[in-house]
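Below: one structure, written as structure tokens.
Remember, predicted model here, so these are calculated numbers, not experimental data. Numbers restart at 1 for each chain; the letters A, B, ... are given by sequence-line order, proteins then strands.
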There are 2 protein chains.
Amino acid sequence: MGNTGDMGIDVSGLGDFIRDQRDQAQMSLRQLAKAADVSNPYLSQVERGLRKPSAEILGRIAQGLRISAETLYVQAGILAQRAGDDTVTTAIAADRTITERQRTTLLQIYAAFQAENQATAANHSSESSDDETLNEQSKMEVSHGSE
Amino acid sequence: MGNTGDMGIDVSGLGDFIRDQRDQAQMSLRQLAKAADVSNPYLSQVERGLRKPSAEILGRIAQGLRISAETLYVQAGILAQRAGDDTVTTAIAADRTITERQRTTLLQIYAAFQAENQATAANHSSESSDDETLNEQSKMEVSHGSE
DNA sequence: CCCATGTGCTTGCATTTGCAAACGTAAGCG
DNA sequence: CGCTTACGTTTGCAAATGCAAGCACATGGG
């Protein structure tokens, strides 16, 4: 019982994250469960932090959500959360599974996304209809302060 | 029993790998088990492919072996082994300078680029005026041959 | 109203994971 | 020889994982 409680606390971030992704994808719990080839009661328990899924199940859920498995591994604490934009830039530049033109395109899109976020932070207006943008801002402010 | 057999076949690569690493580190099974804070009988079973350890246990074993957890995740089939693919995907997933939706979008574009390259390789036409595309093809053919 | 369909959750259970106690064997020492 | 220590393995079991059957509720249509 106590363990169950602890487990809920430890993994609730993951469950919330999966729930958020599912909402964004406008999928019902049963739809995602089917897409992920996971039982819907179990998915429900995972989202509510009552169960801690294995990496295999995480992989399947990620597939159903059409996001990378690594994203969920990070949320679950299986993979380390490496910060910094140079990591993405370096990785893309070094990637040989896509052409140079594609690499350039990806880097440009990435930079545009970052600029978009910077502009939103600079404005700091009440324009934000997106709670997630607000959360991102506060996180960036925190990390900036630590640097 | 039949399942155990299958499990042995599926995970024997991981077990052998752990055993090899342990031998190289000149540690006994009990020493590694202690360093990894894992029971030695269980570690024995893992090495012989009788059990499939969770990501958490893998992380602990990696710690005991003083190797990266990702190395064992790859061996266990939790993480993809394609170097470039893995690095970019992981980096994007972990990046906090862009929003979740932007991360998803980037990952989708990245995947689409890769699929595009796969399709180009499948066609294998002489249309390639790009030397780099040719290099990509030969690399992919090599990796395909090793599989 | 009733019925059908969809939603997320509860519950019992089979299987798997990881551990503790114990085992059999080998090596070194008095 | 017996004893101690170390080695890797066997075995039984508690807890956790993941599933199937079922539940309660909401919504829409005839």
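- In this structure, CD1 of Ile18(A) is placed 14 Å from P of dG8(C), rounded to the nearest angstrom.
- Every residue two or more places apart in sequence or in another chain was checked for a side chain to side chain donor-acceptor pair (under 3.5 Å) with Gln108(B), and none qualifies.
- What you find for Ala36(A) and Ile61(A) is that their closest heavy atoms are CB-CA, 3.7 Å.
- With contacts defined as side-chain heavy-atom distances shorter than 4.5 Å, the pair Gln102(B)/Gln114(A) does not qualify.
- Atom-to-atom, CZ of Arg48(B) to C1' of dT17(C) comes out at 15 Å; the value is rounded to the nearest Å.
- Protein atom CD of Glu47(B) is 13 Å distant from nucleotide atom P of dT10(D), rounded to whole Å.
- In this structure, Ser54(B) has no side chain to side chain donor-acceptor pair (under 3.5 Å) partners at least two apart in sequence or on a different chain.
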Between the protein and nucleotides 18-20 of chain D, list every N/O to N/O distance that falls short of 3.5 Å.
from    : atom 1 : to       : atom 2 : distance (Å)
dG18(D) : OP1    : Ser54(A) : OG     : 2.5
dG18(D) : OP2    : Tyr42(A) : OH     : 2.3
dG18(D) : OP2    : Ser54(A) : N      : 3.0
dG18(D) : N7     : Arg51(A) : NE     : 3.4
dG18(D) : O6     : Arg51(A) : NH2    : 3.2
dC19(D) : OP2    : Ser39(A) : N      : 3.1
dC19(D) : OP2    : Ser39(A) : OG     : 3.3

Review item, nucleotides 5-7 of chain D N/O atoms under 3.5 Å of protein N/O:
from   : atom 1 : to       : atom 2 : distance (Å)
dC7(D) : OP1    : Ser28(B) : OG     : 3.1
dC7(D) : N4     : Arg30(B) : NH2    : 3.4

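- Going from atom CG of Asn40(A) over to atom P of dG22(D) covers 14 Å, rounded to whole Å.
- Between Arg103(B) and Glu70(A), no side-chain nitrogen of the basic residue sits less than 4.0 Å from a carboxylate oxygen of the acidic one, so the salt-bridge criterion is not met.
- Using a 4.5 Å cut-off on side-chain heavy atoms (C-beta onward), Leu14(B) and Leu72(B) make contact.
- The nearest pair of heavy atoms linking Ile78(A) to Tyr73(B) is O-OH, 3.0 Å.
- A heavy-atom distance below 4.5 Å is found between the side chains of Phe113(A) and Thr105(B).
- A heavy atom closer than 4.0 Å to some atom of DNA chain C occurs in no member of residues 61-68 of chain A.
- Applying the side chain to side chain donor-acceptor pair (under 3.5 Å) test to Thr71(B) and every residue at least two apart in sequence or in another chain returns Ser68(B).
- Two residues are said to be in side-chain contact when any heavy atoms from C-beta on lie closer than 4.5 Å; Val38(A) and Ile57(A) meet this criterion.
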